[in-house]
Colleague: 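Below you'll find the structure I mean.
Chain letters run A, B, ... following the sequence lines, proteins first, then strands; residues in each count from 1.
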Amino acid sequence: MAEEKELRYDPATIEPKWQERWAADPTLYAAEPASCGKPKYYVLEMLPYPSGQLHMGHVRNYSIGDALARHMWMRGYNVLHPMGWDAFGLPAENAALKNNTPPREWTLGNIAAMKRQMQRLGLGYDWATEVTTCLPEYYRWNQWFFLRMYEKGLVYRKQSKVNWCPECATVLANEQVVDGRCWRHDDTIVEQRDLEQWFFRITAYAQELLDGLEQLEGWPEKVRTMQRNWIGRSEGTEVDFTVEGSGEKIRVFTTRVDTIFGATSVQLAPEHPLIASFAALDAELKARVDQLIEEQKKAKEAGDIGTIEKHGVPTGRYALNPYNGERVPVWVANYILMDYGTGAIMSVPGHDERDFEFATKYGIAIRRVIAPADPAAEEPALPFTSEDGVLVNSGAYNGLSCAVAEKKLQDEAVKEGFGQATVTFRLKDWGVSRQRYWGTPIPMIHCERDGLVPVPDDQLPVILPAQIEITQQGGSPLGRVPDFVHVTCPRCGGPARRETDTMDTFVDSSWYFYRYTDAGNASAPFNPATAQYWFPIDQYIGGVEHAILHLIYSRFWTKVMRDLGLITNDEPARRLFTQGMVIKDGAKMSKSKGNVVSPDDMVARYGADATRMYALFAAPPDRDLDWQEDGVAGVSRFLGRVWRLVTKYAPVARAAQAAPADSQTGTALLRKLHQTTAKITQDFEGRWHFNTCVAAIMELVNEMQAADAQLAAGEVPAPVVKELLRTLVLLLAPFAPYLAAELWEQLGEEDAILRAPWPVSNPELARENELEIPVQINGKLVTVVRVAADADQKRIEAVALADEKVQARSAGKSIAKVIVVPRKLVNLVVK
RNA sequence: GCGAAAGUGGCGGAAUUGGCAGACGCACCAGACUUAGGAUCUGGCGGGGAAACCCAUGAGGGUUCGAGUCCCUCCUUUCGCACCA
């Protein structure tokens, strides 16, 4: 029978139907101009790398963002919900090598495939604002920004030790090295190489990046802490020790200058420049230092720097402590890092654990110079690292507290010219050069006569040549394209060579979300007025794995753009949400583990709605989610129940007109409906526990189903049925947009459900008029009594005491105390 | 080693401020309908006990009329940091 067939929920027919309708209505998900008068809301999910396949992590990320966007649309906001492609990067080159497909073709093909997947999922993006970072229309602005930053001294070139990933055959920024390994290749140890590289002076913003974290209250504390640690600000003092004989200065950095009278040696990093002059005269020393360098390098590469045993070699030289002229030996030690502070320390074994370990091993003097603040206290064992103490054995500074002494010692250093207070950051400048093809060409020219010459703005973009042979040989692939390399100098017109490094792909993602606000702009990266309207992003959603990388680079970029006068906001995003991972069988999904679940499979078997809704239902969004296919089937069954319920009573609702009348079943259902509405609305505003939102809708549907007999008998007034069904569908719309759209239509609605106002809970209707109050005796549950919702303490107590079970349990005993919590519980303390 | 988060049925999870532990879903069991069911519907489902009841939120203590929730000690897991002077 045709009618029976119609009662089946079939996502395979309704989802493509609506996908087509939505595609035909470009205004549906489009942001409106500022003049629309609605409050704006910018919801953004991190843009994907176009690998060619969405994975479940994407599905989860986008399901969260899409639910929020749809909710905000229904709340009447002007919503910007864009999507784009982080389209430069190494996999395209690897694919080119493997399949002989040009990177551009491969990438654009993947984008098309993933876009189809997104559309199949029913994600509501404004594709008119789509951004693809590998297209010249986009990357020319990377070049433009590079030049502006160059003009401001925020871009420079220097020879330095860099992280080299042999797998990527290019350098990596510090942020892209995790435990000595490449962030993309867990099993590839990063080597140190000496290369001339381009850097962004992110350290110029170190303090501001740190201070700004305080204001980012809408960011997870975890991310803020990670950034704080990464920036690694530390206050201290730099002091010069003078090398005896030569007069050379060794500048040390210390956070504990108050302990300087306890310095019994000076320790240099193996790569300290001064060692060269020592070693020139001493071949044996040179050999031993080289060995230390080698060891340190290996430890760094293996990621266990920090755990290797401390050792070092004496240089045979001595240095003089500028405060008291004391002569101390100069050593080279493997635990001193050249790239932190000054690469040299004063070693105070009495008050530093590392120095203590080292001094004990080599028999270097250990001296106590700090005593506990409390003179009655027992002398603590060394090393005593507390800063709560007073100086001893410290000449004129004896008796001062550590804090006061530090200040006085710094003043003295300034006065005498051998040092000063300083602030050191762990954050290093961002190395952006990559010796790769598939990235933004760096817009600089090397002229024999004029040196470094920026490409003039009117010659932008520097186009990445299309015809290129990707090979595995080292060096920048662009260097092998003569047409690209050989240019005339824009300044003198003479022969010159174009820079062949390309930019780190994190440059692309540092500002892409500004481009969304004005994606078609051909004369500027974006219109400042439009950006000012939309920024900051109201809600940014992505994985926590970018806590240091993308999220610190994009904060930096925002500050640079602000200082260029392009924007007025200090931070890119007001709120950040980091969703948990999707795991299966207790492990992160990965090809090597063979536990990957394909979104396409899920969509084909259960539909996009069930797949998305399961992603929201299976766990709160901030926690890891265990993918269980049976769970998707369960959600799919639930959607089927909704389908049958709504289609069954849609004719009643369509015919209904008058205002709700009184009906016992009707009011109970209405109460549940309004309670559910309130719960979900509240969750969107704060908690984001979409798993319990879905559960709440399930409860509502269960109750409606339980009332099926009354509904079928027409005992529930038609207007009530109408409100029940309409609101149910509206509540479902952010989570299961296809089904909601279909049922909305079946309810006789003509306009898109997305344009319908979000339901408002009426507290009057939501209120319970009778409550079940648990009654305890000595904290143990005895019974539950029913009382009117507005019953006062006395009334509740009376009802509880009158209860049979309570009477039986308390018979013959005295009631010492009665605790009544209105609307909650009664507890009798009985002896 | 330091820091953070977490630990609740067979499983995913719920319990928003200290107030009925286990909502909702999965799996499982029983039943109904059915030519059939991986469809649908009904009921059951933490452990012990015939029952009344008792026990139970990683372990042990504490505060409280009352603790999954607060405090202390410990265990386990995950994540982040890890010679940063």
Side-chain angles (χ1 to χ4, degrees), chain A residues 7-8 178-179 220-223 225-226 228-230 232-234 236-237 252-256 259 267 269 296 299 303-310 333-337 339-348 352-355 357-358 424-426 544-545 547-548 580-581 583 586 614 617-620 622-635 637-638 640-641 644 679 682-683 686-687 689 691-699 701-702 705-706 708 772-784 808 816-821 823-830:
Chain A
L7 283 176
R8 259 197 68 200
V178 181
D179 290 337
E221 195 49 53
K222 181 183 163 103
V223 173
T225 304
M226 284 168 74
R228 231 174 258 128
N229 292 341
W230 187 258
R233 182 184 200 270
S234 111
T237 313
V252 304
F253 173 72
T254 178
T255 54
R256 291 298 304 276
T259 66
Q267 302 286 344
Q296 214 182 34
D304 39 59
I305 197 143
T307 53
I308 53 171
E309 198 189 336
K310 293 175 185 38
N334 67 342
Y335 71 101
I336 310 302
L337 307 172
D339 56 10
Y340 185 78
T342 59
I345 64 151
M346 61 176 202
S347 176
V348 185
D352 181 282
E353 281 176 24
R354 297 152 300 178
D355 295 345
E357 192 186 326
F358 190 87
T424 297
F425 292 95
R426 203 182 84 118
V544 74
E545 64 273 15
I548 307 295
M581 285 189 309
I583 58 177
Y614 175 73
F617 176 62
D622 55 327
R623 292 245 292 260
D624 284 352
L625 181 156
D626 191 45
W627 194 272
Q628 297 183 1
E629 193 171 327
D630 285 338
V632 188
V635 170
R637 277 198 290 271
F638 164 71
R641 288 209 301 278
R644 284 190 298 276
K679 189 250 178 306
Q682 219 176 347
D683 249 300
R687 257 184 11 143
H689 279 197
N691 55 328
T692 60
C693 290
V694 174
I697 297 174
M698 288 174 170
E699 282 186 52
V701 170
N702 288 348
Q705 231 179 336
D708 187 62
E772 292 192 333
I773 305 282
V775 181
Q776 301 178 333
I777 289 181
N778 295 337
K780 294 203 168 153
L781 182 71
V782 171
T783 188
V784 174
K817 197 173 172 187
V818 180
I819 291 134
V820 179
V821 184
R823 302 181 65 85
K824 289 281 186 197
L825 127 165
V826 176
N827 189 15
L828 307 174
V829 185
V830 169

Colleague: Can you check the distance between rA56(B) and rG66(B), where both ends of the measurement are the P atom (answer in whole Å)?
Modeller: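 Going atom to atom, P in each nucleotide, I get 15 Å.
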Colleague: Considering only atom C1', compute the distance from rA15(B) to rG62(B) and round it to an integer number of Å.
Modeller: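 To the nearest whole Å, 24 Å.
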Colleague: Can you check the N229(A) CG to rG3(B) P distance for me, whole Å?
Modeller: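 It is 12 Å, rounded to the nearest whole Å.
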Colleague: Closer to the 5' end of RNA chain B via nearest nucleotide, is it W230(A) or A344(A)?
Modeller: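 Here W230(A) is the residue nearer the 5' end.
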Colleague: For Y340(A) and F253(A), take the angle between the two ring planes, folded into 0 to 90°, and tell me which bin it lands in: parallel under 30, tilted 30 to 60, perpendicular over 60.
Modeller: perpendicular
Colleague: Determine the interatomic distance between P on rA21(B) and the same-named atom on rG68(B); round to the nearest Å.
Modeller: 8 Å
Colleague: Kindly compute the distance separating CD1 (I345(A)) from CG (D352(A)), expressed to the nearest 0.5 Å.
Modeller: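 I345(A) CD1 to D352(A) CG: 6.5 Å, rounded to 0.5 Å.
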Colleague: Rounded to whole angstrom units, what separation is found between the CD atom of E221(A) and the C1' atom of rC81(B)?
Modeller: 15 Å
Colleague: Between R426(A) (CZ) and rA85(B) (P), how many Å, whole number?
Modeller: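 It is 10 Å, rounded to the nearest whole Å.
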Colleague: Measure NZ/K817(A) against P/rU64(B) and give the value in whole Å, please.
Modeller: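 That distance rounds to 11 Å.
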Colleague: Can you tell me how far C1' in rG10(B) sits from the matching atom in rA59(B), rounded to whole Å?
Modeller: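 My reading of the C1' atoms in rG10(B) and rA59(B) gives 23 Å.
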Colleague: rG25(B) and rU77(B): how far apart are their C1' atoms, nearest whole angstrom?
Modeller: 25 Å
Colleague: Once you round to the nearest 0.5 Å, how far does CG of N778(A) lie from CG of L828(A)?
Modeller: 8.5 Å
Colleague: Separation of I345(A) atom CD1 from rC83(B) atom C1', in whole Å?
Modeller: 10 Å
Colleague: Roughly how many Å is it from NZ in K222(A) to P in rC81(B), rounded to a whole number?
Modeller: 9 Å
Colleague: Hey, could you give me the OH/NZ distance between Y335(A) and K310(A), rounded to the nearest 0.5 Å?
Modeller: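 Answer rounded to 0.5 Å: 7.5 Å.
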Colleague: Using the C1' atoms only, state how far rG48(B) lies from rU64(B), rounded to an integer number of Å.
Modeller: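 Approximately 29 Å lies between the C1' atom of rU64(B) and that of rG48(B).
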Colleague: For rG9(B), measure the glycosidic angle (O4'-C1'-N9-C4 for a purine, O4'-C1'-N1-C2 for a pyrimidine) and name it syn if it falls within 90° of 0, otherwise anti.
Modeller: syn
Colleague: Please check if the number of heavy atoms outside E353(A) that lie under 6.0 Å from its CD is greater than 12.
Modeller: no
Colleague: Under a 3.5 Å distance rule, please check whether Y614(A) uses its side chain to pair with a backbone N or O of E629(A) as donor and acceptor.
Modeller: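 A pair under 3.5 Å: no.
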Colleague: How long is the straight-line distance from CG of L781(A) back to CG of N827(A), given to the nearest 0.5 Å?
Modeller: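 Output value for this atom pair is 10.0 Å.
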Colleague: Write down the distance between CG (N334(A)) and C1' (rC83(B)), rounded to a whole number of angstrom.
Modeller: 9 Å
Colleague: How does protein contact run along nucleotides 5-26 of chain B, one letter per nucleotide 5' to 3', with B for base contact, S for sugar-phosphate only, - for none, heavy atoms under 4.0 Å?
Modeller: ------SBSSSS--BB--BBSS
Colleague: Checking E699(A) now: which residues fulfil side chain to side chain contact (heavy atoms under 4.5 Å, CB included) with it, not counting sequence neighbours?
Modeller: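 Partners of E699(A) under the side chain to side chain contact (heavy atoms under 4.5 Å, CB included) test: K672(A).
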Colleague: Between rC33(B) and rC41(B), how far apart are the two C1' atoms, rounded to whole Å?
Modeller: 8 Å
Colleague: How far, in whole Å, is rU69(B) from rG19(B) if one measures between their P atoms?
Modeller: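 About 11 Å, rounded to a whole number of Å.
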Colleague: Within the structure, does a side-chain N or O atom of Q267(A) lie under 4.0 Å from either OP1 or OP2 of rA85(B)?
Modeller: no
Colleague: Counting Watson-Crick and G-U wobble pairs whose two distances are both under 3.5 Å, find the runs of 3 or more in a row that involve RNA chain B.
Modeller: B:1-7 with B:75-81, B:10-12 with B:24-26, B:28-32 with B:40-44, B:46-48 with B:53-55, B:58-62 with B:70-74
Colleague: Between rA82(B) atom P and L337(A) atom CG, what is the distance in whole Å?
Modeller: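 Value for this atom pair: 11 Å.
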Colleague: Between NZ of K824(A) and CD1 of I819(A), what distance do you get to the nearest 0.5 Å?
Modeller: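 So the gap between those two atoms works out to 16.0 Å.
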Colleague: Could you give the distance from OG1 (T237(A)) to CZ (R256(A)), rounded to the nearest 0.5 Å?
Modeller: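 Atom-to-atom, T237(A):OG1 and R256(A):CZ are 11.0 Å apart.
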